[in-house]
Amino acid sequence: MSYFREAKAHFVASHQHPVNIALHHWANILAIAAIILLFYDWRWTLFCLVLTQVFALGGHAFIEKNQPAAVKYPGITILASLSWSFENWFGLRQVWQHFKSKTA
């Protein structure tokens, strides 16, 4: 699991600008929508997947001006991205830290 933690830390470090962060959260929402839409119409799935890349790569090219984390950690970056978004959407990191501090 240290490889995942390393990839996630690199992912978080390459996403510091608030606009880029928002674009990546929207890209993750669209990726989830693409999976759901696959059961309805493959064209919408394809549209969502293309749009995820426009948001993510556009955020790096025009806002953050750095390389996407997937360059260094291909494949696992998708999981790191979704994990990062879920933590931020639902505040799971704060809940985890709260309970972690209670046991320490």
Side-chain angles (χ1 to χ4, degrees):
M1 240 2 221
S2 67
Y3 182 74
F4 177 74
R5 275 185 251 140
E6 185 181 315
K8 189 170 176 188
H10 179 71
F11 180 87
V12 172
S14 11
H15 300 86
Q16 296 298 310
H17 195 282
V19 173
N20 192 32
I21 291 170
L23 286 172
H24 277 71
H25 285 311
W26 278 107
N28 286 334
I29 290 169
L30 285 169
I32 293 167
I35 293 168
I36 295 167
L37 290 170
L38 185 59
F39 297 102
Y40 297 102
D41 190 348
W42 65 271
R43 292 171 290 206
W44 280 106
T45 297
L46 185 62
F47 176 75
C48 285
L49 291 177
V50 168
L51 204 54
T52 63
Q53 296 308 300
V54 169
F55 284 177
L57 296 176
H60 285 288
F62 300 110
I63 312 274
E64 200 83 49
K65 297 187 185 351
N66 63 9
Q67 282 189 334
V71 172
K72 186 172 181 180
Y73 295 97
I76 192 98
T77 307
I78 295 168
L79 296 175
S81 175
L82 288 171
S83 169
W84 172 71
S85 284
F86 277 104
E87 286 175 358
N88 285 298
W89 290 337
F90 302 113
L92 294 177
R93 184 179 338 127
Q94 292 83 359
V95 172
W96 174 255
Q97 288 174 348
H98 173 75
F99 286 112
K100 192 174 176 182
S101 68
K102 292 271 188 187
T103 59

Checklist entry - How many angstroms lie between CG in N20 and CZ in F62, if you round to the nearest 0.5 Å? => result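 Going from the CG atom of N20 to the CZ atom of F62 covers 12.0 Å.
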Checklist entry - Measuring from L79:CG to K8:NZ, what's the distance to the nearest 0.5 Å? => result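 Reported value, rounded in 0.5 Å steps: 10.5 Å.
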Do [X] and [Y] touch side chain to side chain, with heavy atoms closer than 4.5 Å?
X	Y	value
F4	S83	yes
F55	T52	no
L51	C48	no

Next on the checklist: Check whether T77 reaches the backbone of Y73 with its side chain - one donor and one acceptor, N or O, closer than 3.5 Å.
Outcome noted: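 Side chain of T77 to backbone of Y73, a donor-acceptor pair under 3.5 Å: yes, one is there.
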Next on the checklist: For the backbone of S14 and the side chain of N66, can you confirm whether one donor and one acceptor N or O come within less than 3.5 Å of each other?
Outcome noted: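 Flag set: sc N66 to bb S14 pair under 3.5 Å.
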Same cluster or not: [X] versus [Y], using hydrophobic residues (I, L, V, M, F, W, Y) connected whenever any side-chain heavy atoms lie under 4.5 Å apart?
X	Y	answer
L57	I21	no
V71	Y3	no
L23	L49	no
I29	I78	yes

Checklist entry - Parallel under 30°, tilted from 30 to 60°, perpendicular over 60°: which one fits the rings of W84 and H15? => result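 Tilted.
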Next on the checklist: Is it the case that the side chains of N28 and S81 hold a donor-acceptor pair, with the cut-off being a distance below 3.5 Å and no angle test?
Outcome noted: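 Yes, N28 and S81 have a side-chain donor paired with an acceptor closer than 3.5 Å.
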Next on the checklist: I need the single residue from K65, H24, Q67 that forms a side chain to side chain donor-acceptor pair (under 3.5 Å) with H60. Which is it?
Outcome noted: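 Between H60 and the candidates, side chain to side chain donor-acceptor pair (under 3.5 Å) is satisfied uniquely by H24.
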Next on the checklist: Using the rule side chain to side chain contact (heavy atoms under 4.5 Å, CB included), only one of V50, I36, L38, I35 pairs with T45; which is it?
Outcome noted: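 Only one of V50, I36, L38, I35 forms a side chain to side chain contact (heavy atoms under 4.5 Å, CB included) with T45, namely L38.
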